[in-house]
Amino acid sequence: MRLAYLLLGLVSICAAVIPIESIDHFYDLANNENGTYTVVKYYTQWCSHCKKLKGVYEELEEAIKLDNVQFLEVDCDPFGSSICSRLPGYPIVEVIKPKRLTEGEDAIQKTSEDDSTGQSLFDKLKGYLWFSSAGKWTLEEERVARFEGIRNLEPLKGFIEVIVRKNMVKNDLLDIIEGISITAEPKLAKVREYYNTLNNNDITHERSKLEKILKTNRDKTTPELEIVKLQLELVNMLETELEKLDDEL
């Protein structure tokens with residue numbers, strides 16, 4: 001069995017678009033924790049639209065110039081009752097975001113245990129587990145983005161690039177919130193400094209202030225305004241998660 005997986009891995013390395021050979025193969029790739037985004041084409045042998053998509057999908061793999069993106073294809077004839085069971089039809093293209101490395105399930109337990117210590121919700125948020133763990137053969141809904149447009153090269157390419165870019169920014173901000181950011185990137189360093197000055201009483205005020213700055217300078221593009229945009233996204237994330245945490249407690 002170990003030899004079979006080794007050979008399967010060699011096939012995956014050599015193939016531009018990786019054909020899925022087993023359920024384990026699919027979930028091992030899709031549920032990676034190495035920061036790789038997974039683009040998946042689900043198809044069947046009998047679907048005429050799937051045949052039209054084949055060439056476009058191969059062009060798409062060549063057109064995406066991102067090192068952290070892998071391309072899979074799943075033949076849903078053999079996997080219709082397993083991998084493809086949640087799909088409404090064929091063909092379908094999805095982007096699966098990688099799992100985030102977390103401190104583990106102990107973070108949730110610690111948050112509950114600390115409830116009586118008088119910590120503010122803002123402080124507890126730093127120990128909150130953002131993405132819960134799941135079974136091996138599971139894809140969390142929030143990690144899956146399904147393409148709904150015309151299945152041509154440019155719309156597909158734009159969709160993938162936007163999903164990857166936005167999720168990478170979100171992960172950078174989560175790293176800052178969780179205190180694991182070690183980035184030397186100037187913009188993120190500025191956002192980290194900004195985050196360290198906040199407390200939960202500032203959130204609503206800060207959101208209004210940042211929105212006003214962007215509204216006043218809506219026709220301008222400067223490095224300073226890019227930092228303000230990141231700060232606003234950070235504040236919006238904090239506000240949303242604080243509300244969720246408040247409901248759960």
Distance-minimising heavy-atom pair for [X] and [Y]:
X: Leu230; Y: Lys187; value: CD1-CB, 4.2 Å
X: Ile83; Y: Ser22; value: CD1-O, 4.3 Å
X: Val74; Y: Ile20; value: CG2-CG1, 3.7 Å
X: Ile176; Y: Tyr195; value: O-CE2, 3.7 Å
X: Tyr90; Y: Cys50; value: CB-SG, 3.8 Å

When you compare the side chain of [Y] with that of [X], does any pair of heavy atoms fall below 4.5 Å?
X: Met237; Y: Leu234; result: no
X: Glu224; Y: Asn217; result: no
X: Tyr27; Y: Leu139; result: yes
X: Arg146; Y: Pro88; result: yes
X: Leu214; Y: Leu210; result: no
X: Met168; Y: Val164; result: yes
X: Leu238; Y: Arg207; result: no
X: Ile18; Y: Gln70; result: yes

**Trp137-Asn31 side chain donor-acceptor pair, cut-off 3.5 Å** =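 Not at all, the side chains of Trp137 and Asn31 share no donor-acceptor pair under 3.5 Å.
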**Request:** Say whether Asn34 and Thr36, considering side chains only, have a donor N or O and an acceptor N or O under 3.5 Å apart.
**Result:**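 Note: Asn34 and Thr36 side chains meet the donor-acceptor criterion.
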**Asked** For Asp67, does the CG atom have more than 12 heavy-atom neighbours from other residues, nucleotides or ligands under 6.0 Å away?
**Response**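 12 or below, so no.
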Please determine whether a side-chain nitrogen of the Lys or Arg among [X] and [Y] lies less than 4.0 Å from a carboxylate oxygen of the Asp or Glu.
X: Glu154; Y: Lys157; result: no
X: Arg100; Y: Asp175; result: yes
X: Lys54; Y: Glu58; result: yes
X: Glu140; Y: Lys99; result: yes

Would you confirm whether [X], through its side chain, and [Y], through its main-chain N or O, come within 3.5 Å as a donor-acceptor pair?
X: Tyr43; Y: Asp77; answer: no
X: Asn167; Y: Ile163; answer: no
X: Arg143; Y: Ala30; answer: yes
X: Thr197; Y: Tyr194; answer: yes
X: Asn32; Y: Leu29; answer: yes

To the nearest 0.5 Å, how far apart are [atom1] in [X] and [atom2] in [Y]?
X: Glu59; Y: Asn152; atom1: CD; atom2: CG; answer: 10.0 Å
X: Tyr42; Y: Phe79; atom1: OH; atom2: CZ; answer: 12.0 Å
X: Leu173; Y: Glu178; atom1: CG; atom2: CD; answer: 11.0 Å
X: Lys97; Y: Lys166; atom1: NZ; atom2: NZ; answer: 10.0 Å
X: Leu188; Y: Glu193; atom1: CG; atom2: CD; answer: 11.5 Å
X: Arg192; Y: Asp172; atom1: CZ; atom2: CG; answer: 11.0 Å

**Message:** Would Leu232 and Asn236 count as a side chain to side chain contact (heavy atoms under 4.5 Å, CB included) here? Give the steps.
**Reply:** CA-CA 6 Å; Leu232 178 58; Asn236 286 334; 3.8 Å; yes
Mind checking whether [X] and [Y] sit in one hydrophobic cluster, side chains of I, L, V, M, F, W, Y counted as touching below 4.5 Å?
X: Leu87; Y: Trp46; answer: yes
X: Val162; Y: Val69; answer: no
X: Leu225; Y: Val169; answer: yes

**Request:** Kindly determine whether Leu60 and Ile64 satisfy side chain to side chain contact (heavy atoms under 4.5 Å, CB included), including the steps that lead there.
**Result:** CA-CA 6 Å; Leu60 179 65; Ile64 296 292; 4.2 Å; yes
**Prompt:** side chain to side chain contact (heavy atoms under 4.5 Å, CB included) between Leu53 and His49: does it pass, once the steps are laid out?
**Reply:** CA-CA 6 Å; Leu53 180 60; His49 293 292; over 6 Å; no
**Request:** Start with the C-alpha gap between Val40 and Phe26, add the side-chain angles, then the distance that decides, and say whether side chain to side chain contact (heavy atoms under 4.5 Å, CB included) holds.
**Result:** CA-CA 10 Å; Val40 188; Phe26 174 76; 4.1 Å; yes
**Request:** Only counting residues at least two apart or in another chain, list the ones meeting disulfide bond (SG atoms under 2.5 Å apart) with Cys84.
**Result:**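 Scan of Cys84 (disulfide bond (SG atoms under 2.5 Å apart), adjacent residues dropped) gives Cys76.
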